[in-house]
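All of these numbers come straight from a predicted model, not from anything done at the bench. Numbering of residues begins at 1 and proceeds along the displayed sequence.
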Amino acid sequence: MKFIYYLLKKIVISSFVLYGYNLIAVNFNLLLPFNLFTVFTVTSLGSSGLFGLVLFKYLFL
C-alpha cells in the first residue's frame, strides 16, 4: 500500500513539473507533449529524464 501511494505521489509531482516546464517553455517554443510517455519518463528518471526529453526535442525535432 505504501508503494502505491509513493508511486501515485511521484506521478502527480512529475505531472506538475511537466506542466510548470511547459508554462515556462512556451516563450522558447520548446513545449513537451503532456502524454503517458513523458509523464512516465519524468516519473522514473526525475529531473534527468526531463533534461533528456528537452535535449531530444531541441536536437532532433
Here the pair of heavy atoms bringing L50 nearest to L32 is CD1-CD1, 3.7 Å
Y6 reachable from M1 in the ILVMFWY side-chain graph, under 4.5 Å edges:
no
Atom pair CG (L8) and CZ (F3), whose distance is rounded to the nearest 0.5 Å
10.0 Å
May I ask whether L18 and F16 are part of the same hydrophobic cluster, defined by side-chain heavy atoms of I, L, V, M, F, W, Y residues being less than 4.5 angstrom apart, directly or through others?
no
Would you name the heavy atoms of F34 and Y19 that are closest together and state the gap between them?
CE1-N, 4.5 Å
Does one hydrophobic cluster hold both L53 and L45, with members joined at side-chain heavy-atom distances below 4.5 Å?
no
Over all heavy atoms of both residues, which pair between Y21 and L30 is shortest? Give the atoms and the distance, please.
OH-O, 3.0 Å
Would a single hydrophobic cluster contain both V42 and F37, if residues Ile, Leu, Val, Met, Phe, Trp and Tyr are joined by side-chain heavy-atom contacts under 4.5 Å?
yes
Flag if over 12 foreign heavy atoms under 6.0 Å of CG, L23
yes
L59 atom CG: more than 12 heavy-atom contacts under 6.0 Å:
yes
Can you pull the side-chain hydrogen bond (donor to acceptor under 3.5 Å, both in side chains) pairs that have at least one residue in residues 31-49, sequence neighbours excluded?
S14-T43, N35-T38
Could you pull out the closest heavy-atom pair between L31 and A25, with the gap in Å?
CD2-C, 4.2 Å
I13 vs K9 side-chain heavy atoms within contact, under 4.5 Å:
yes
If you count every heavy atom of other residues, nucleotides or ligands that lies below 6.0 Å from N29 atom CG, does the total exceed 12?
no
Kindly work out whether a path of hydrophobic side-chain contacts (I/L/V/M/F/W/Y, heavy atoms less than 4.5 Å apart) joins F51 to F40.
no
